[in-house]
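Worksheet: one structure, shown below.
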2 protein chains.
Amino acid sequence: MQQCCVNILHMKVTRNTAAKGAILDLITNSDSALSHSEIHKLTADLCDRVTIYRILDRLVNEDVIHKIVNLDGTIKYAKCHHANHVHIHNHVHFSCEKCLKVTCMENVQPSYIIPRNYKVNDVNFTLSGLCPNCL
Amino acid sequence: MQQCCVNILHMKVTRNTAAKGAILDLITNSDSALSHSEIHKLTADLCDRVTIYRILDRLVNEDVIHKIVNLDGTIKYAKCHHANHVHIHNHVHFSCEKCLKVTCMENVQPSYIIPRNYKVNDVNFTLSGLCPNCL
DNA sequence: TTTTAAATGCAACAATGTTGCGTTAATATT
DNA sequence: AATATTAACGCAACATTGTTGCATTTAAAA
């Protein structure tokens with residue numbers, strides 16, 4: 001018994017399938033975060049539309065990819081970056097107004113001051129404008 | 001000729017209607033940002049679903065309300081706060097995980113450092129966790 | 001009061017996301 | 001290698017969300 005991947009929320013064993021591998025490759029090798037529809041177009045007849053939704057949910061629950069909400073409300077997916085087995089979700093993203101690409105910004109740490117009667121669990125910081133390629 | 005409101009993008013005169021007034025009142029008096037579906041439920045049979053979309057678009061273009069993208073991708077609307085005729089869009093919001101309310105945070109100014117080859121036009125900063133009421 | 005065109009309701013459509021269920025296939029067990 | 005288990009799949013159906021065209025209504029200027 002050698003399980004390779006688990007859903008960290010339900011501690012259930014998940015399986016590696018062709019479609020899952022292909023979609024993860026796509027996200028891993030993309031220089032920007034991808035939406036469901038973009039993945040659907042890029043994979044053509046790899047699998048059903050519903051299957052893509054389920055694979056994305058699984059990869060998020062396995063903590064392999066993470067969701068990014070774009071400024072227009074569309075949801076995109078990008079690879080998670082782990083450091084020394086400690087998982088640090090990077091929630092700083094740049095959304096280019098021209099090429100519409102969403103990229104994760106490593107090493108950008110925003111600072112802020114907020115009243116004490118709020119408990120902050122998550123930080124979502126999206127900057128929009130022009131990326132280096134479109135400037 | 002006494003025009004009361006204009007679409008600042010197209011400089012076209014807009015009209016005050018019962019539905020528009022009621023929806024603006026709703027947003028103005030709400031302590032949290034409201035989504036299209038929330039407004040639809042709260043207004044019952046005030047007007048058609050499509051009309052709500054159009055009224056919200058109009059109010060955004062008139063610079064009276066602004067859009068907020070929630071962490072789950074849903075779009076919410078809140079009143080704009082102007083100071084001395086100078087319009088300052090406040091893009092810092094708090095999204096409560098428990099009561100699901102989205103509130104605008106005045107006076108919170110995040111600071112950040114970003115590479116020079118990016119041109120930032122807009123900042124969207126959403127913190128999530130527990131609000132004072134749910135803490 | 002008349003004129004105008006902005007705003008509305010309605011129907012139809014497109015896009016996006018979800019659910020149930022029978023079938024397929026990845027993986028552990030024998 | 002064969003078998004058993006059940007996660008993953010395809011497909012159909014459905015729910016939600018957002019858009020567009022067009023005839024009608026109505027706010028506001030003339």
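Numbers restart at 1 for each chain; the letters A, B, ... are given by sequence-line order, proteins then strands.
Sequence order on DNA chain C of the closest nucleotides to A:V50 and B:R58 puts B:R58 first from the 5' end. With DNA chain D read from its 5' end, the first of the two nearest nucleotides for A:C47 and B:R15 is the one closest to A:C47.
A heavy-atom distance below 4.5 Å is not found between the side chains of B:K79 and B:C104. Using a 4.5 Å cut-off on side-chain heavy atoms (C-beta onward), B:K76 and B:E38 make contact.
Among the heavy atoms of the strands lying under 4.0 Å from A:R49 is at least one base atom, whether or not backbone atoms are also near. A:R54 comes within 4.0 angstrom of a nucleotide base, judged by non-hydrogen atoms across all strands.
Here B:T51 reaches the OP1 or OP2 of C:dG9: one of its side-chain N or O atoms lies under 4.0 Å away. Under 4.0 angstrom from either OP1 or OP2 of C:dT8 there lies at least one side-chain N or O belonging to B:T17.
A straight line from CG of B:D48 to P of C:dC10 spans 6 Å, rounded to a whole angstrom. The distance from atom CG of A:D57 to atom P of C:dT16 is 16 Å, rounded to the nearest whole Å. Protein atom CD of A:E62 is 8 Å distant from nucleotide atom P of D:dA8, rounded to whole Å. Between B:K12 atom NZ and C:dT4 atom P there is a gap of 17 Å when expressed in whole angstrom units. When the C1' atom of C:dT18 is taken as reference, atom NE2 of A:H36 falls 11 Å away, rounded to whole Å. The interatomic distance linking B:I52 (CD1) with C:dA7 (C1') rounds to 14 Å, in whole Å. Between the P atom of C:dG17 and the NZ atom of A:K67 lies a distance of 9 Å, rounded to the nearest Å. When rounded to the nearest whole Å, the span between CG of B:L56 and C1' of C:dT8 equals 15 Å.
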Next on the checklist: Working note: A:F94 + A:L127, criterion side chain to side chain contact (heavy atoms under 4.5 Å, CB included); need CA distance, chi angles, decisive distance, verdict.
Outcome noted: CA-CA 5 Å; A:F94 191 87; A:L127 300 170; 3.8 Å; yes
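Under the 4.5 Å side-chain heavy-atom criterion for ILVMFWY residues, a single connected hydrophobic cluster contains both A:Y118 and A:F125. Taking hydrophobic clusters as Ile, Leu, Val, Met, Phe, Trp and Tyr residues chained together by side-chain heavy-atom distances below 4.5 Å, A:V64 shares a cluster with A:I52.
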